[in-house]
Engineer: 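Pasting in a structure now, in structure tokens, and then I'll have a few things to ask.
Hydrogens, waters and symmetry mates are skipped; everything else that's a heavy atom, side chains included, is used. Since the structure is predicted, the reported quantities are computational estimates derived from the model, not experimental observations.
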Amino acid sequence: MHSHFLFQAFVYLAAAAIAVPVAKRLGLGSVLGYLLAGAVIGPNVLGLVGGRTEGSVMHFAEFGVVMLLFLIGLELKPSLLWRLRVPILGMGSAQVLLTTGAVLAIGLLAGLPARPSLALGLILAMSSTAIVLQSLQERNWLKLRGGQASFSVLLFQDLAVIPIIALLPLLATTKTSAVTGHSGLLEGLSAWGKTGVVLLAVGAVVAGGQLLARPVFRFIAGARLPEVFTAFALMLVIGIALLMQTVGLSPALGAFLAGVVLAESEYRHELEGDIEPFKGLLLGLFFLSVGSAIDFPFIHDHLGLVVGGALGVVVLKFLVLVTVSIVFRRQWSDTLLFGFALAQVGEFAFVLLGLSERLGVLPPDWTRAAMAVTALSMTATPPLLLLLHKLPRVRAGGDADRAMDSIEPEVPGRVILAGFGRMGNIIGRFLQANGVPTTVLDVDAELVDGVRKVGLKAWYGDASRLDMLRAAGADQAEVLILTLSDTTKIRAIGELARKHFPHLKILARSRRRVDAYELINAGFEHVYRETLGTSLDMGVDALQLVGFRAYHARRAAFAFRKHNEASMRELASHWGGQNYFNVLRAKIEEAESILRGGGAVLKDQVDAAWDNEPLREEAAKGTLRR
Amino acid sequence: MPKRVLILFAHPALEKSRVNRYLAGAVQNIPGVTFNDLYEVYPDFQIDVAREQELLLAHDVVVLQHPFYWYSSPAILKEWQDLVLEHGFAYGTDGTALRGKVLLNVITTAGPQEAYRPEGYNRFTMRHLLSPFEQTASLCGMRYLAPLTVHRALSLASLRDVEPHALLYRRAIESLIDGSLDLEAATRAERLNDVLPAPDAIVASGTATGAL
Ligand SMILES: Cc1cc2nc3c(=O)[nH]c(=O)nc-3n(C[C@H](O)[C@H](O)[C@H](O)COP(=O)(O)O)c2cc1C
């Protein structure tokens, strides 16, 4: 058993590792890669893994969807969710009702019985959250208005699954013992009681997120062990999923809700970074198992029915979606994206079809055909989106829309500020005061807490982690400021950032002169000695207090600074070499001669300005003309 | 009622000045004079517009004292004009704050007076070269007086050489304060020096000057 598990894991991972890069290179997107790989390792081609019978894998894999929705929730502020209420409720209900109605009508026209037709309609109305969101996210299309509409409708469908599951037993034509999904705990309760418990659970998630999350996070972050935080993040998502399942809600929906609640927490980026890899793997597994579930023998035997059915369903759903989009006055490019994205039948259909069969709502051969149609339509989605991508008009329209109505909660920080100690504090407030969006990262949870109170955007997290930098928006940011006290760490982060985000301009703090040498020699252009500015400020004031003119003192400081900077860079290039001490000695002598007033370098720069002596000599000679 | 005089003083390297610092010393302590040392107050060029406008409102005569640098003023005075003489304050429909006030340049030059003539090597008269100031005053509704000039400033070797000019300057300020200056004549003249009593006469009447 144990080795069997390892073997399976190896097969899945190997399939992903081979198929996904190839699919991506071919421009097909990762989802299609996973699906195809799944089909290849599935029971009908290589037979390395079982098909849908292997329910546990599917179950496990569905958790990827839960995490996906948690992550999407994290990126959605409640205020944005509120703005999406029209597409969610309006477009969502219109889509589900119209699709169901259309399938029912076709069924009745074809002389099929009403109840199974209605059940089939409800089931086929669902689209695939996993495939759509992953594909849209991969192309950055979630930010487009068409993408937002798609997302909204998917959210509504997630909500709609609950009443649909409740409705299915009522549609049973043959009497079977009622099988209610998984709401074991609520069996004995009345409808009101169930509603109450559901509301209570949702309330618990919201309240917990608002009140408990911060102190708990802080306590855990206090341990300063990244893996503990990861464990906690996973526990959180799993716990919410369990809770939701117990009360009969969709775990994905619950996770989404929790994500939204935590969207404004300072731990958001850390959570994102921790969950992201798990989501990716599990979602991949999910697509693999969908691929392996494609029932090739059945398709082969009923080629006309399955292919025709899939084509018919996709076209029907597409038409419904386009109609809805037009009714809601969407632009043509948004409408196309919306239609193409949601035209498939989703993974919920697998669950609902299985349930229907057990309840006797649908005859077994219907469900088998519908499952094949579902798998096929899901596989068709990535190519459809690829097709859409090739339509130049849509892309152009999409880009023009992009600036507005972004699904992202805020403008990504133009500056990332790692380290919010005494230095970072001043820089952060200065940037803030000038309206430059700044994202602050620090590993001191308490500090981050305080920073947030002042109204700055701050996140708990370790900037030396690549995922953390990415989550903080390094892809879009322009400047990365490193003010940590540890030069080794600054260098490490700087080098990491330079490698992965070469567009970032990096500003690095150095504490001592040798730190500055190290950073300069490591190729960092903008290196700041922390004491230089303040020391010169004091020097300027001292000059003034002993009688220098203010303007002269300023200019002297500028000149000094310039000279000092240049000599530091020169010394840096000798640092560690044989010659360093010779150069240093020369520099010291030079500095001394400046101090003695004899050195030409500095005095000239300052004193040559507005000098009248040469003029006076000429005037005395009477030659001051042209 | 005595008039109040605001002196906007601009010299970027006063430690090297010979003439302007004595001229300044001659006037800065006269009652009714506010001496505003721009390079000292704003060494970073961050001019406090509100403060400067309040100063303008509180005075009747504005004196710009500075060495002649490239036929104009040192840089900070330009910065001052650009920032302080705002639309809506100094000019424009609502910009009436400076109406009726007096503007005077007090200038030291290296070139001799003869050079500032069409035939001279500087080719233009001082009034020509100062026309941007004159027109600025005009737009702000101010009366522009002929400049008080000290030529051959670099040839004034000793305190004794500078003293007559310092006294003349002092005299000009005093007559502006007590209203004894003939503003009409001062407006029309080529130099303000010409409508004031000759330096010797002032020396005779005697107030000596301290250094800045
Ligand atoms: C940058 C600079 C520009 C100058 N331009 C002129 C000029 O255009 N015409 C002129 O007569 N003198 C010019 N001079 C000479 C100054 O007017 C002269 O040095 C000054 O009036 C002396 O006064 P002070 O001793 O108070 O500095 C210039 C001097 C400097 C330093």
Engineer: Please classify the contact between A:Arg554 and chain B as side chain, backbone, both or neither, with a heavy-atom cut-off of under 4.5 Å.
Structural biologist: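 Looking at A:Arg554, just its side chain touches chain B.
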Engineer: Please check if the number of heavy atoms outside A:His526 that lie under 6.0 Å from its NE2 is greater than 12.
Structural biologist: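 More than 12 heavy atoms, drawn from other residues, nucleotides or ligands, come within 6.0 Å of this atom.
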Engineer: Is it the case that over 12 heavy atoms from other parts of the model lie below 6.0 angstrom from the CZ atom of A:Arg512?
Structural biologist: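 Check fails, neighbour count at 12 or below.
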Engineer: Assess whether atom CD of A:Glu525 is packed by more than 12 heavy atoms of other residues, nucleotides or ligands within 6.0 Å.
Structural biologist: no
Engineer: The criterion is ring-ring contact (aromatic ring centres under 6.0 Å, His included); which residues satisfy it with A:Tyr551, sequence neighbours excluded?
Structural biologist: A:Trp610, B:Tyr39, B:Phe45
Engineer: Taking side chain as everything from C-beta outward and backbone as N, CA, C, O, which of these in B:Arg18 sits under 4.5 Å from a heavy atom of chain A? Side chain, backbone, both or neither.
Structural biologist: both
Engineer: Could you state the interatomic distance from CG (B:Asp37) to CZ (A:Arg549), rounded to the nearest 0.5 Å?
Structural biologist: 4.0 Å
Engineer: Atom CZ of A:Arg616 and atom CG of B:Leu156: how far apart are they, to the nearest 0.5 Å?
Structural biologist: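 Going from the CZ atom of A:Arg616 to the CG atom of B:Leu156 covers 9.5 Å.
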Engineer: Would you please go through residues 69-90 of chain B and name the residues with a non-hydrogen atom below 4.5 Å from one of chain A, in numerical order?
Structural biologist: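 B:Tyr69, listed by number.
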